[in-house]
Amino acid sequence: MLLGLLLALLGCAAALDPALQEAWEGWKSLHAKEYPEEAEAARREVWEKNLQRIQQHNQEESQGQHTFRLAMNHLGDLTDEEFNQLLNGFTPARREQPALLFQASAVLKTPAEVDWRAKGYVTPVKNQGHCGSCWAFSATGALEGLVFNRTGKLAVLSEQNLIDCSRKLGNNGCHGGYMTHAFQYVHDNGGLNSEHVYPYTATDTSSCRYNPQDRAANCSTIWLVAQGSEVALEQAVAAVGPVSVAVDASSFQFHFYKSGIFSSMFCSQRVNHGMLAVGYGMSQEHGRNISYWILKNSWSEVWGEQGYIRLLKGTDNQCGVANQASFPML
Ligand SMILES: *[C@@H]1O[C@H](CO)[C@@H](O)[C@H](O)[C@H]1NC(C)=O
Ligand SMILES: *[C@@H]1O[C@H](CO)[C@@H](O)[C@H](O)[C@H]1NC(C)=O
Ligand SMILES: *[C@@H]1O[C@H](CO)[C@@H](O)[C@H](O)[C@H]1NC(C)=O
């Protein structure tokens, strides 16, 4: 309904830049976009506006005003509101699952840099499509790391299994969910299927098709990382492996992030998007050391640094990264 109204409003006000015709056609063909004739002008206007804002930001970046660059991507025909409605499906849980608390320890020493991708713990970047199932991708990511740790084998796990089967725990398919409730499902169910036998469809209207013959993961306990503590999160990532996190991904800059170390005054502490912390590191920028988190996203490899973002670490809990961190254990 919202979409219809938007299209109607923009449709009659369309003032398109003819110089962008070729770029628009190229973008449509690159991402296999097709629109009904009456919708195309409105979509192009949204895309042009996004492109303008991206170019503006990159110009500011080249003048030293930002530490990261933006780029047009496959989601460039969405307004900020549509983007958030379609893709950001995490809401902080009100009623938490029974869980253990991981707190920062004064004696635990962590390495200066950690990257679980290099240790074989992380599967290739996935694509959630137009479905607010980030929570399921974040959860499978943490479970994939756990399975690798225990078996030495990297199994690609099924988000669709979580979407179809964890409704009674309070998850809501393409309309949002919680990583902790996904872990709880795996715990209660006694397993989770692999992506191979239970493939992703980016829809949430199927009934549960879990097959106990193909158990590819387990979970016996759920841990919450002390809320808001980047020190505890660093220790968890260093000691355990990839950890599920949630961030505020609602800003335009986040939607079109391409490279560099992300920090934005438009990022709040209200988290709405599930991701996976796979490590952290430090980079020298203009003679200063800047620490960052390495977060895996589920918006395909087109987005960010081959599907990942480096997010400013250790200063002010940027984008609320430490507010809802959790991981499963065996
Ligand atoms: C799994 O984790 C434990 C403890 O965190 C570690 O000692 C072990 O080397 C890990 N196994 C693999 C295969 O990475
Ligand atoms: C899960 O747990 C069961 C029972 O403890 C065990 O037999 C099985 O190998 C485990 N599977 C995985 C993938 O860890
Ligand atoms: C940056 O980090 C390196 C390695 O940890 C350290 O040797 C160096 O002194 C740091 N530089 C600054 C400016 O803090």
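Positions are given from 1, in the same order as the sequence printed here. Atoms within a ligand are numbered from 1 in the order they appear, just like the ligands themselves.
For ligand 3, the atoms sitting less than 4.0 Å from at least one non-hydrogen atom of Met282 are 2 (O), 5 (O), numbered in the order shown with element in parentheses. Distances below 4.0 Å separate heavy atoms of Gln284 from the following atoms of ligand 3: 1 (C). Within ligand 3, the atoms closer than 4.0 Å to a non-hydrogen atom of Gly287 are 13 (C), numbered from 1 in the order shown.
For Asn289, a nitrogen or oxygen atom sits less than 3.5 Å from a nitrogen or oxygen atom of ligand 3, counting backbone and side chain alike.
Here His255 pairs with Asn84 under the side-chain hydrogen bond (donor to acceptor under 3.5 Å, both in side chains) rule; sequence neighbours left out. Listed by chain and residue number, nothing satisfies the side-chain hydrogen bond (donor to acceptor under 3.5 Å, both in side chains) test with Gln235 (two or more places apart in sequence, or in another chain).
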Candidate pair Arg44 and Glu48, rule salt bridge (Lys or Arg N to Asp or Glu O under 4.0 Å), full reasoning: CA-CA 6 Å; Arg44 172 149 164 202; Glu48 284 190 12; 2.9 Å; yes

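Counting only N and O atoms by type, the side chains of Tyr198 and Asp214 include no donor and acceptor under 3.5 Å apart.
Aromatic rings from Phe256 and His57 are positioned such that their centres are separated by 6.0 Å or more.
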Please give the N or O to N or O pairs under 3.5 Å between ligand 1 and the protein, distances rounded to 0.1 Å.
unit_1   : atom_1 : unit_2 : atom_2 : d
ligand 1 : 2 (O)  : Asn149 : OD1    : 3.2
ligand 1 : 2 (O)  : Asn149 : ND2    : 2.2
ligand 1 : 5 (O)  : Ala239 : O      : 3.4
ligand 1 : 11 (N) : Asn149 : ND2    : 3.1
ligand 1 : 14 (O) : Tyr121 : OH     : 2.6

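Salt bridge status for Glu305 with Arg310: present, with a side-chain N to carboxylate O gap under 4.0 Å.
The only option from Gln253, Glu60, Gln59, Glu61 that meets the side chain to side chain donor-acceptor pair (under 3.5 Å) definition with His66 turns out to be Glu60.
Among residues at least two apart or in separate chains, ring pair (Phe, Tyr, Trp, His ring centres under 6.0 Å) pairs with a member in residues 132-153 are Tyr121-Phe148, Phe137-Tyr200.
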